[in-house]
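Structure first, commentary second.
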Amino acid sequence: MFDWNQDPHRRLNPLTGEWVLVSPHRTQRPWQGQIEEPAAETQPEYDPTCYLCPGNTRAGGARNPPYTSTFVFDNDFAALKPGTPHECFEHEDLLVAESEPGICRVVCFSPKHNLTIARMSPEDLRKVVDTWVEQYRSLAADPNIGYVQIFENRGAMMGASNPHPHCQIWASRDIPNEPSKEQASLLAWRERKGTCLLCEYERVEQSEAKRIVEANEHFLTVVPFWAVWPFETMVIARRHMASLDQLSDAERDALANILKRTTARYDRLFGVSFPYSMGFHQRPTDGGAHDEWHLHAHFYPPLLRSATVRKFLVGYEMLATPQRDITPEAAAEQLRAV
Ligand SMILES: [Zn+2]
Ligand SMILES: [Zn+2]
Ligand SMILES: [Zn+2]
């Protein structure tokens, strides 16, 4: 008899069309890989050497104002630049390139250097949500911007260069790879079934209940059925809405609430400030209606089964298909238990 909790199988991610290999029987094998040093936990409220703290001078030479809430500035070393002239290159359909204009910003969540989303007050987190909405709106109004990617790298393990609570916004003319794959799937689903893939998925997860990690009136956090990272989660809006600017007042509070509760569970799981990359996927800003989009966020944390053992996507995963040992259901159960 095949046992979905023990036997190797693969699961489909309907948002990307990609598969993940699940090998639950391997959770028994001994670990002989890398042990990471747990990051030092004690940070001061103000760090005179931090380029994001209020009043400090940044690497580019500008000085931060003595801000008391959120603070947004254009990235001093931006990957994308506004006003990049239009240019295309093509050679025998093999060498294809085009210029990419855009804007990169940094959003400081708080003047306090030692906070995280998990440790911020709901009131202060609500200001972060409001700032995301404002930024999405103003960047969407720029005719040269077709997609706004908001993302946070948390923790040195994820390559975050600074522990100060902040996120980045990279706004580009073109839709980047990941949202582009999702858009194709959302459109194809709607054409085939006449419904929204993520509205349906939210309903299925709600009724199955076994992958739910957190829930409130307006959002649901689940370990997706097709999760690649051991404790990967997805925060899904319960109402069909395409983007952050469609959040009601109550939904903005609910988003702040579920982000705090989800990240607090992460922190409790291994007793550390949990590293992750997170970000929102939402409606492109290229002028189309894009009602096929359904607002959600992904959390991709690298930790495997302790604060010191991290997962790498290497070998088979780079060359063939991502693979996980612990099932998404077991991961959700662990997150629910803390
Ligand atoms: Zn700082
Ligand atoms: Zn929907
Ligand atoms: Zn997505």
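The first residue in the sequence is number 1, and the count goes up from there. Because the structure is predicted, anything quoted here is derived from the model rather than measured. We count ligands from 1, going down the list as the structure has it; atoms in each ligand are counted the same way.
Annotation: cation-pi geometry not satisfied between Arg173 and Tyr147 (NZ/CZ under 6.0 angstrom from ring centroid, within 45° of ring axis). Geometrically, Arg11 engages Phe225 in a cation-pi contact, judged by NZ or CZ lying under 6.0 Å from the ring centre and within 45° of the ring axis.
Take the N/O/S atoms of His240: the one nearest the Zn ion (ligand 2) is ND1. Closest N/O/S atom of His294 to the Zn ion (ligand 2): ND1. Its N, O or S atom nearest to the Zn ion (ligand 1) is what matters here, and for His113 that atom is ND1.
A distance of 10.0 Å separates CG of Asp7 from CE of Met1, quoted to the nearest 0.5 Å.
Rounded to the nearest 10 degrees, the angle NE2 (His296) to the Zn ion (ligand 3) to OE1 (Glu182) equals 90°. Here the angle at the Zn ion (ligand 1) defined by ND1 in His164 and SG in Cys50 stands at 120°, rounded to 10 degrees. The angle His298:NE2 - the Zn ion (ligand 3) - His281:ND1 amounts to 100°, with values rounded to 10 degrees.
For the pair Arg283 and Asp291, the salt-bridge criterion is not met [side-chain N within less than 4.0 Å of a carboxylate O]. Lys210 has no carboxylate O lying under 4.0 Å from a charged side-chain N of Glu329, or vice versa, which leaves the two without a salt bridge.
The Zn ion (ligand 1) has Cys53 among its coordinating residues (N/O/S atom, backbone or side chain, under 2.8 Å).
Counting non-hydrogen atoms of neighbouring residues, nucleotides and ligands closer than 6.0 angstrom, the CG atom of Asn177 reaches no more than 12 such neighbours.
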